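These figures come from a predicted structure and were not determined experimentally.
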Amino acid sequence: MPCNLTLGRNEVCKESVGGLAGVYFVNWTGSLATATNGVSDDLIESLPSGLTAYYYELKGTSAYTETVNSSRENGTTFFNQELVLNLKKLTNEMTTQLKLMAYGRPQIFVHTMNGDTLLVGQREGADVTAGTLQTGAALGDLYGYSITFTGMEQFPASFISGSTFGNPFASVTNPPTIVNGAAN
């Protein structure tokens, strides 16, 4: 893989917003998509047929952060992907889903408020690495969950081709079947 830059970048317009609109969990089935030329800048244009994605709508302080980890001494680079979800209201059904998330290593489509969708844990899946179920102390405190998912991947999270705010899988061949939240 060549290490030479191929593009520059101009200053961008100030039209972006932060935040996440929702996440879609897929039970880990192996690599969901493979870069056609072995580099990280490929868009995901096709997914395996028959995928089911479980949708979690988000409002508030959930966030996604990706960190580059590169060692000159070791000659290695990998990307640490961290997704922190803050989900309101404790329920028996959601606690069961949290347990299943912690036991497994789902792949997660992160849908941003800008309409971009990124695939976290594309090859290795994402692990629950921390989490709390909390009642809060004061009336205005969180009564719910704070869950941290971590993925470590060879490449940065891939973008989903043609993603829009209204349709995170707009241009993808074989989009997943979406199951909306029944576990409030």
Side-chain angles (χ1 to χ4, degrees), residues 12-29 32 44 47 51-69 78-122 124-153 156-160 162-170 172 175-184:
V12 297
C13 297
K14 297 177 284 187
E15 60 192 11
S16 297
V17 294
L20 303 178
V23 292
Y24 297 81
F25 290 94
V26 174
N27 290 318
W28 190 82
T29 58
L32 283 184
I44 294 177
L47 293 169
L51 287 179
T52 299
Y54 299 92
Y55 176 64
Y56 285 65
E57 182 179 26
L58 301 174
K59 293 193 186 302
T61 59
S62 297
Y64 174 69
T65 304
E66 189 161 334
T67 306
V68 180
N69 295 277
F78 70 95
F79 297 83
N80 193 68
Q81 303 167 335
E82 184 177 88
L83 174 65
V84 177
L85 299 182
N86 292 304
L87 305 172
K88 297 173 278 295
K89 193 174 182 182
L90 297 173
T91 66
N92 182 60
E93 295 83 7
M94 184 56 223
T95 300
T96 299
Q97 294 306 304
L98 171 59
K99 175 183 71 173
L100 296 172
M101 290 173 186
Y103 289 171
R105 55 178 171 148
Q107 290 150 314
I108 308 167
F109 293 96
V110 176
H111 190 215
T112 73
M113 293 299 285
N114 281 303
D116 295 316
T117 303
L118 303 161
L119 177 52
V120 174
Q122 179 173 337
E124 303 297 327
D127 293 300
V128 172
T129 55
T132 59
L133 290 75
Q134 51 199 355
T135 62
L139 288 177
D141 291 348
L142 174 65
Y143 180 80
Y145 308 84
S146 181
I147 310 163
T148 302
F149 294 87
T150 302
M152 288 190 291
E153 297 283 332
S158 294
F159 282 77
I160 305 304
S163 176
T164 67
F165 184 77
N167 186 349
F169 304 101
V172 173
T177 300
I178 307 299
V179 176
N180 287 315
N184 291 326

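- The side chain to side chain donor-acceptor pair (under 3.5 Å) analysis of residues 16-29, with sequence neighbours excluded, yields no pairs.
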Distance-only criterion, 3.5 Å: show the donor-acceptor pairs between side-chain atoms of residues 136-146 and protein atoms not counting sequence neighbours.
{"unit_1": "Asp141", "atom_1": "OD2", "unit_2": "Ala137", "atom_2": "N", "d": "2.8"}
{"unit_1": "Asp141", "atom_1": "OD2", "unit_2": "Ala138", "atom_2": "N", "d": "2.7"}
{"unit_1": "Tyr145", "atom_1": "OH", "unit_2": "Thr91", "atom_2": "N", "d": "2.9"}
{"unit_1": "Tyr145", "atom_1": "OH", "unit_2": "Thr91", "atom_2": "O", "d": "2.8"}
{"unit_1": "Tyr145", "atom_1": "OH", "unit_2": "Thr95", "atom_2": "N", "d": "3.3"}
{"unit_1": "Tyr145", "atom_1": "OH", "unit_2": "Thr95", "atom_2": "OG1", "d": "2.8"}
{"unit_1": "Ser146", "atom_1": "OG", "unit_2": "Asn86", "atom_2": "OD1", "d": "2.9"}

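- Checked against salt bridge (charged side-chain N to carboxylate O under 4.0 Å, His left out), Lys59 has the following partners two or more places apart in sequence or in another chain: Glu57.
- Considering only residues two or more places apart in sequence or on other chains, Pro176 meets the side-chain contact (heavy atoms from CB on, under 4.5 Å) condition with Leu47, Leu51, Ala53, Phe169, Ile178.
- In this structure, the separation between CE on Met101 and CD on Gln97 is 6.5 Å, given to the nearest 0.5 Å.
- With sequence neighbours left out, Thr65 forms a side-chain contact (heavy atoms from CB on, under 4.5 Å) with Thr67.
- By the side-chain hydrogen bond (donor to acceptor under 3.5 Å, both in side chains) test, Thr129 pairs with Thr150, sequence neighbours left out.
- Under the side-chain hydrogen bond (donor to acceptor under 3.5 Å, both in side chains) criterion, Thr96 pairs with no residue, sequence neighbours left out.
- Closest approach of Ile44 and Val172 over heavy atoms only: O-CG2, 4.1 Å.
- Results of the ring-ring contact (aromatic ring centres under 6.0 Å, His included) test with Phe25 over Tyr55, Tyr56, Tyr54 single out Tyr56 as the only residue that passes.
- Taking the side chain as every heavy atom from C-beta outward, Leu83 and Ile147 never approach each other to under 4.5 Å.
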Could you tabulate the donor-acceptor pairs under 3.5 Å formed by side-chain atoms of residues 102-121, not counting sequence neighbours?
{"unit_1": "Arg105", "atom_1": "NH1", "unit_2": "Glu124", "atom_2": "O", "d": "3.0"}
{"unit_1": "Gln107", "atom_1": "NE2", "unit_2": "Gly30", "atom_2": "O", "d": "2.7"}
{"unit_1": "Gln107", "atom_1": "NE2", "unit_2": "Gln122", "atom_2": "O", "d": "3.0"}
{"unit_1": "His111", "atom_1": "NE2", "unit_2": "Thr164", "atom_2": "O", "d": "3.0"}
{"unit_1": "Thr112", "atom_1": "OG1", "unit_2": "Asn114", "atom_2": "N", "d": "3.2"}
{"unit_1": "Thr112", "atom_1": "OG1", "unit_2": "Gly115", "atom_2": "N", "d": "3.4"}
{"unit_1": "Thr112", "atom_1": "OG1", "unit_2": "Asp116", "atom_2": "N", "d": "3.2"}
{"unit_1": "Thr112", "atom_1": "OG1", "unit_2": "Asp116", "atom_2": "O", "d": "3.3"}
{"unit_1": "Asn114", "atom_1": "OD1", "unit_2": "Val17", "atom_2": "N", "d": "3.1"}
{"unit_1": "Asn114", "atom_1": "ND2", "unit_2": "Val17", "atom_2": "O", "d": "2.6"}
{"unit_1": "Thr117", "atom_1": "OG1", "unit_2": "Ser163", "atom_2": "OG", "d": "2.7"}

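- With sequence neighbours excluded, the residues forming a side-chain contact (heavy atoms from CB on, under 4.5 Å) with Glu66 are Tyr64, Phe79, Gln81, Pro156, Ala157, listed by chain and number.
- How far CG of Leu20 is from OG1 of Thr61: 10.0 Å, rounded to the nearest 0.5 Å.
- Inter-residue side-chain proximity for Leu98 and Leu87 is flagged as unmet; no heavy-atom pair is nearer than 4.5 Å.
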